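Being a predicted model, the structure only gives us computed values, none of them experimental. Computed from heavy atoms alone, side chains included, the values below leave out hydrogens, waters and symmetry copies. Per chain, numbering begins at 1; letters A, B, ... match sequence-line order.
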Protein chains: 2
Amino acid sequence: MSRAATTSDVFNAIAEPRRREIIGLLAGGQARSVNDLVEAMGLAQPAVSKHLGVLREVGVVSVQQDGQRRLYSLNASELKAVHDWASQFERFWSIHVDRIKERAERKAAEVAKKN
Amino acid sequence: MSRAATTSDVFNAIAEPRRREIIGLLAGGQARSVNDLVEAMGLAQPAVSKHLGVLREVGVVSVQQDGQRRLYSLNASELKAVHDWASQFERFWSIHVDRIKERAERKAAEVAKKN
DNA sequence: GAATAATATTCCGATACAGGAATATGTCAA
DNA sequence: TTGACATATTCCTGTATCGGAATATTATTC
């Protein structure tokens, strides 16, 4: 047979360094135009548009028309899947931190109950 | 020109569903032989070996010889990079939780200082 | 050493896909 | 409408890569 997985899922979308770069640039919270991104990365406009297309299809990014430009903004909730998946293994690299966190949360819960 | 990024990074490694499946199968903590994995997934041995090769190169998986079989085990710390990257956006989908966590950690620090 | 079992590697065909170049589409302003 | 600007799409080329089939390698046992 041929190749296996289609391109349309979050994990594939973030596999590309350039796309992670775009996500990083939008992480500020402000919407940015395509040309803005083109200048920020050292990449040609068609390439950027194509990457944005992939991110758009997956839902990681959303568009908003602003005159003749298109403002892209991050839809970070779509990255939750990645975070959740990776969190599954958190215990492997930080048992200590986990315990500290648990203690902290327990204490906070107690405090919250008091107030 | 051609393609951009080399295949040898964690994000690319986990882009493949089959490879994530392997990681999931090894998440129990026990090392498993190739044949074991072959049976667990519905995939031919060469394909599994190849995926294991990719994961090995990235360091997500490590091998241990056991007689004529090779036991693969998860090296989950290599997935920390993914987790860290995704954590960067945690605030977007859970502002509440963040605030609670911050408060909790602050409070825990105070308590720790007192003791 | 020969046979066997477990795993890795090589070769192959089909497809995915990144980036460049050229072009199309869309939006505004005069 | 025309012109200018912003963005998307198409076409192309080179490469990456998945999975299957066949084969090579390594380890064990007799």
Side-chain angles (χ1 to χ4, degrees), chain A residues 1-23 25-26 30-74, chain B residues 1-23 25-26 30-74:
Chain A
M1 300 272 162
S2 55
R3 205 173 202 181
T6 324
T7 182
S8 355
D9 85 301
V10 191
F11 287 92
N12 215 312
I14 65 166
E16 256 290 317
R18 301 297 201 163
R19 288 199 282 265
R20 287 202 300 279
E21 196 180 345
I22 291 177
I23 292 173
L25 286 168
L26 295 177
Q30 296 182 21
R32 304 183 74 167
S33 74
V34 178
N35 243 326
D36 195 358
L37 296 170
V38 166
E39 282 173 24
M41 318 164 63
L43 199 54
Q45 175 264 314
V48 175
S49 273
K50 273 179 258 181
H51 283 310
L52 285 170
V54 174
L55 293 172
R56 209 190 319 135
E57 244 175 63
V58 177
V60 172
V61 134
S62 49
V63 210
Q64 172 193 357
Q65 198 89 14
D66 173 51
Q68 48 192 328
R69 39 182 84 184
R70 286 173 147 226
L71 301 182
Y72 279 85
S73 49
L74 187 60
Chain B
M1 301 276 160
S2 54
R3 205 174 204 181
T6 324
T7 181
S8 354
D9 85 302
V10 192
F11 287 92
N12 215 312
I14 66 167
E16 256 290 318
R18 301 298 201 163
R19 289 199 281 264
R20 287 202 302 278
E21 196 180 344
I22 290 178
I23 292 174
L25 286 168
L26 295 178
Q30 296 181 19
R32 303 182 75 167
S33 73
V34 177
N35 243 326
D36 196 359
L37 294 171
V38 167
E39 283 173 23
M41 319 162 64
L43 200 54
Q45 175 265 314
V48 174
S49 272
K50 272 179 261 181
H51 283 309
L52 285 170
V54 174
L55 293 171
R56 209 191 320 136
E57 243 176 65
V58 177
V60 172
V61 133
S62 48
V63 211
Q64 172 193 356
Q65 197 89 14
D66 172 51
Q68 48 191 330
R69 38 182 84 185
R70 288 174 145 223
L71 301 182
Y72 279 85
S73 50
L74 188 60

Residue pair V34(A) / Y72(A): nearest heavy atoms and the distance that separates them = CG2-CE1, 3.6 Å

key: Any H51(B) side-chain heavy atom under 4.5 Å of L37(B) side chain   = no

remark   = All heavy atoms of A13(B) vs all of L55(B), minimum pair found to be CB-CD2, 4.3 Å

Residue K50(B), side-chain atoms from C-beta onward, closest of dA8(C), dA21(D), dC11(D) = dA21(D)

query = Of all the nucleotides listed (dA8(C), dC11(C), dA8(D)), which has the minimum atom distance to the side chain of Y72(B)?
reply = dA8(C)

ask   = Between atom CD1 in I14(B) and atom P in dT17(D), what is the gap in whole Å?
value = 15 Å

request  = Would you mind reading off the distance between L71(A) atom CG and dA8(D) atom C1', rounded to a whole angstrom?
outcome  = 16 Å

query = A47(A) has a side chain; which of dA8(C), dA22(C), dG19(C) sits nearest to it?
reply = dG19(C)

message = Between P on dT15(C) and CG on N12(A), what's the gap in Å once rounded to a whole number?
response = 18 Å

key: V34(A) side chain, from C-beta outward: closest of dC18(D), dA8(D), dT9(C)   = dA8(D)

request  = Evaluate the criterion side-chain contact (heavy atoms from CB on, under 4.5 Å) for residue pair L74(B) and V60(B); output intermediate values, then yes/no.
outcome  = CA-CA 6 Å; L74(B) 188 60; V60(B) 172; 3.9 Å; yes

inquiry  = From the set dT7(D), dA8(C), dG19(C), return the single nucleotide nearest to any side-chain atom of Q45(A).
reply    = dT7(D)

message = Please tell me if H51(B) has a side-chain N or O lying less than 4.0 Å from either OP1 or OP2 of dT17(D).
response = no

Separation of dA16(D) P from E16(B) CD (nearest whole Å) = 16 Å

note = Here the distance between atom P of dA18(C) and atom CZ of R18(A), to the nearest Å, is 12 Å

note = Whole-Å distance, L52(A) CG to dC17(C) P, equals 17 Å

query = What integer distance in Å separates R20(B):CZ from dC18(D):C1'?
reply = 15 Å

request  = Decide if atom CZ of R69(B) counts as having more than 12 heavy atoms of other residues, nucleotides or ligands within a radius under 6.0 Å.
outcome  = no

note = Within residues 36-44 of chain B, the residues having a heavy atom closer than 4.0 Å to DNA chain C are none

message = Are the side chains of R56(B) and V63(B) in contact, using a 4.5 Å heavy-atom criterion?
response = yes

query = Phosphate oxygens OP1/OP2 of dC18(D): is one of them under 4.0 Å from a side-chain N or O of R19(B)?
reply = yes

query = Tell me, do D66(B) and S33(B) make a side-chain contact under 4.5 Å, heavy atoms counted?
reply = no

ask   = For dT7(D), does OP1 or OP2 lie under 4.0 Å from any side-chain N or O of N35(A)?
value = yes

note = Here the pair of heavy atoms bringing R19(B) nearest to N12(B) is NH2-O, 3.5 Å

message = Could you check whether any side-chain heavy atom of M41(B) comes within less than 4.5 Å of a side-chain heavy atom of I22(B), counting everything from C-beta outward?
response = yes

ask   = Can you check whether L71(B)'s main-chain N or O pairs, donor with acceptor, with R32(B)'s side chain at less than 3.5 Å?
value = no

inquiry  = Each nucleotide in nucleotides 24-30 of chain D should get exactly one letter: B, S or -. Can you fill that in based on protein heavy atoms under 4.0 Å?
reply    = ---BS--

